[in-house]
Amino acid sequence: MKSLLIISAKGNSGRTMLTCLFARHLHRINHWRVLVLDLAEPPRCAQMLAGRGHDTTGSGNRAPDLPECASPLTGGCLRVLSADAIDALRSRDDPARTRYYANLRHLLSVVAPWFDVCLIDAPILPDLRAVCAEALADAVLSPLAMSPDCIGCASEVINGTYGIRNVRARLNPALRFAGLLPVVDLPSSMEEPWMKVMETTLREWLIVDRAFPHGYAWLPRMRSVMRSVGRVEKRPAPRGYVAAQDVGVAEASRTVTACLNVLTRRLDAIGNDAVHGLRDAEVCDA
C-alpha cells in the first residue's frame, strides 16, 4: 500500500477538498482500493465522502471488515477511517504524540493488505499529528492556495521546523515530495502580479505539466466553480449568458480531471523515482 499525505501550513488551502476529489478519482477512474485516513478535527473528509454515499469506518486499530476489497478485480473500493472514531488516536494525555505515532504506524501496517493507496488528510502544520503522519508516509503533496502569502506557506511546508526537509533528515529518509499544487480561484488569480514572483521562487517545486497554462498543474478552487454553477441555477439570464457559464464550468471540470490525472501519475511513480523524476525536498529559497 502506498501512502500519500496531503499537508499544508495554512487553513483554507483546499487540502480536504483535494483529498476527497483525488480519492474518488482513484476509485472511479483507476479502480484502486482507496483508504482515506482523516486525522483532522473535525473530520471533514469523512463528512464529505459519507455525504456522497461512501462508508465511514473506525473501530479501534483493527482492519475494517471489507471482503469486497480483497481483490482489485472487483473494481476497487473507497473507505474512510476517521481518527475521532479510533480510540488509539484520541488520547488527550499524550502531548509529545509518542503513543499517537506508534498507534498510527500500527494502524497503517494493519490496513496495508486491504488497500492500494492511503490518502491522509492531517491537521495543518505545526500540529504534531501531521508530523507523525509525515514520519510514516511514502510521499507528501501540498496544495497551495494562491494569495500573496503563499510563498511563506510553501517555505514552511518545505523548510520549516516540521517541514519536509527536516522530517526527511530526522525521521523519514524515504519521504518523497510530490510537489506543490496551486489552488486557484476562478476567474483565474494567475494574472495577479505576485503570481510571477511565486512562479519564479517556487518553480522547482511545482508539478510540471506542459498541457497546463503556465506549464505546471493547478487545481481550480471548487468554491469558485460552485459559485459559477449557483449563478446559472439561481439567476435566470439570457440564453447566451447561461451558455457561457456552462462552458466555464465544463472547462473547470476538464481542468480538475487533468490535474487529478497528473497526480495519479505522480502517485504511481512512488517507488520508481529514477524513471518518473519524483523529487526530494531540499532547500526552498523563499
- Query: Relative to Tyr100, does Arg97 satisfy both conditions: NZ or CZ under 6.0 angstrom from the six-membered ring centre, and within 45 degrees of the ring's axis?
  - Reply: yes

query: Under a 4.5 Å side-chain heavy-atom rule over Ile, Leu, Val, Met, Phe, Trp and Tyr, are Leu128 and Leu104 clustered together?
result: yes

Kindly work out whether a path of hydrophobic side-chain contacts (I/L/V/M/F/W/Y, heavy atoms less than 4.5 Å apart) joins Ile124 to Ile120.
no

For this session: Show your working on side-chain hydrogen bond (donor to acceptor under 3.5 Å, both in side chains) between Ser3 and Asp138 and close with a plain yes or no.
Result: CA-CA 5 Å; Ser3 55; Asp138 294 319; 3.3 Å; yes

The side chain to side chain contact (heavy atoms under 4.5 Å, CB included) partner of Ile164 among Leu5, Asn159, Val157 is Val157

#### Entry: SB check Asp121 Arg15 (cutoff 4.0 Å)
yes

Q) Salt-bridged, Asp116 to Arg33, with N to O below 4.0 Å? A) yes

Exam field: side chain [X] to backbone [Y], donor-acceptor pair closer than 3.5 Å:
X: Asp127; Y: Arg129; value: yes
X: Asp268; Y: Thr264; value: no
X: Arg165; Y: Ile158; value: no
X: Ser13; Y: Ala9; value: no

As an exercise, state the distance from [atom1] of [X] to [atom2] of [Y], rounded to the nearest 0.5 Å.
X: Arg210; Y: Tyr216; atom1: CZ; atom2: OH; answer: 11.5 Å
X: Met1; Y: Trp32; atom1: CE; atom2: CH2; answer: 12.5 Å
X: Leu144; Y: Ser8; atom1: CG; atom2: OG; answer: 9.0 Å
X: Leu108; Y: Asn103; atom1: CG; atom2: CG; answer: 11.0 Å
X: Leu181; Y: Leu263; atom1: CG; atom2: CG; answer: 5.5 Å
X: Met17; Y: Leu219; atom1: CE; atom2: CG; answer: 9.5 Å

Shortest non-hydrogen contact between [X] and [Y], atoms and distance:
X: Ala122; Y: Leu39; value: CA-CB, 4.2 Å
X: Pro143; Y: Val183; value: CB-CG2, 3.9 Å
X: Ala130; Y: Leu125; value: CB-CD2, 3.9 Å
X: Leu202; Y: Ala154; value: CD1-CB, 3.7 Å
X: Ile207; Y: Ala178; value: CG1-O, 3.6 Å
X: Asn172; Y: Ala135; value: ND2-O, 3.3 Å

task: Evaluate the salt bridge (Lys or Arg N to Asp or Glu O under 4.0 Å) criterion for residues Asp209 and Arg265: first the C-alpha distance (whole Å), next the side-chain angles of each, then the deciding distance (0.1 Å), finally the verdict.
output: CA-CA 11 Å; Asp209 193 285; Arg265 292 195 294 270; 3.1 Å; yes

Requested in this report: Take the angle between the ring planes of Phe212 and Trp218 and call it parallel below 30°, perpendicular above 60°, tilted in between.
Outcome: perpendicular

Do [X] and [Y] touch side chain to side chain, with heavy atoms closer than 4.5 Å?
X: Leu119; Y: Leu35; value: no
X: Trp114; Y: Arg79; value: no
X: Leu107; Y: Leu37; value: yes

| said: Looking at Tyr162, I want to see if its OH is surrounded by more than 12 non-hydrogen atoms of other residues, nucleotides or ligands under 6.0 Å. | reply: no

